[in-house]
Number of protein chains: 2
Amino acid sequence: MLTDEYRYKILKLLEDNASITQRELAGQLDVSLGWVNACLKQMGDEQLIQAQRSAGQPQYAYQITPCGQRTRRSIAVSVLSTKKSERAALERDISELEAELKQRDTSARGALRANS
Amino acid sequence: MLTDEYRYKILKLLEDNASITQRELAGQLDVSLGWVNACLKQMGDEQLIQAQRSAGQPQYAYQITPCGQRTRRSIAVSVLSTKKSERAALERDISELEAELKQRDTSARGALRANS
DNA sequence: CAGCTTCCGTTCAACCAATGAACGTGATGC
DNA sequence: GCATCACGTTCATTGGTTGAACGGAAGCTG
């Protein structure tokens, strides 16, 4: 599924190198070739990028459209917001886990002390 | 897929309430009924829990076995470690995004100033 | 007691996102 | 010309997840 996070990652990789191949993209994103192909097609439908074949080049150059440039900012804001929420959730989980482990350590030590 | 994180969550919910139904578990974990059913079966195979039917009770009581109690600690450690890594990755992503947005804000303001 | 309803756990056909092998194409090297 | 290589494209297959349907057990009602 093409999420905003992947849109962001793909736009970024394309900005770095418009001539990157789909296989390279797949490798860097750690997804399959077919998936990348579908995403690029969808992002083309969304007017975010435009694929151009230069003569004598087997691969496309994926150019980010003006719309894509504009959209990229709002995508970044949205992704940032999502990640901040995720971070907050992680913080909660981590302190909860740490509290539990501390408590269990204590009771374990207590039990040992009682045994000795 | 039954991950350590889900093992942890399930053990926790069962500790709070051994008589929770599979539907309630599914609701609280935000997964499907069939999935919860399969997980509980697997956790039974793993000797983490034991399902017991009390007379006159339609639902099981899922008791955490001694092995489950022991295993739970190491699962918690493992989950905690995973979450700390995830947090670190999120921190990186967030500061990267913030840096980019700040930079784009600046250049956007610069462009506006140039236009006025 | 029979019938009905309700709430369980269980099952499994259906769904769907993701995969990657296979293919067609065009450029390159020999 | 022929073989090879690198690319994008396709699609049958895979595998995890879903939730409707089912059977059984308990409770309720007349």
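Side chains included, hydrogens not; waters and symmetry mates left out as well; all remaining heavy atoms used.
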Integer-rounded Å distance: dA17(C) P and Tyr6(A) OH: 15 Å

Distance (rounded to the nearest 0.5 Å) between Tyr62(B) OH and Leu13(B) CG: 12.5 Å

Atom-to-atom span, CG of Leu25(B) to P of dG9(C) - whole angstrom: 9 Å

Between dG9(C) (C1') and Glu24(B) (CD): distance, integer Å: 14 Å

For DNA chain D, the residues among residues 34-47 of chain B that have a non-hydrogen atom under 4.0 Å from it: Gly34(B), Trp35(B)

Sugar-phosphate, base or nothing in reach of Gln59(B), heavy atoms under 4.0 Å: sugar-phosphate

Side-chain N or O of Tyr60(A) closer than 4.0 Å to phosphate OP1/OP2 of dT9(D): yes

hydrophobic_cluster_shared for Ile20(B) and Leu48(B), side chain cutoff 4.5 Å: yes

Lys83(A)/Glu98(B) salt bridge by N-O under 4.0 Å criterion: no

Separation of dG20(C) P from Arg23(A) CZ (nearest whole Å): 12 Å

Gln22(A) side chain near dC7(D) phosphate (N/O to OP1/OP2, under 4.0 Å): no

Atom-to-atom span, CD of Gln52(B) to P of dG9(C) - whole angstrom: 15 Å

Gly68(B) versus Leu11(B), closest heavy-atom pair with distance: O-CD1, 4.3 Å

Rounded interatomic separation in angstrom, taking CD1 from Ile20(A) and P from dC7(D): 11 Å

Options dT10(C), dG20(C), dT9(D), nucleotide nearest the side-chain atoms of Leu33(B): dT10(C)

Arg73(B)/Glu100(A) salt bridge by N-O under 4.0 Å criterion: no

Flag, side chain of Ser81(A) to backbone of Val77(A), donor-acceptor distance under 3.5 Å: no

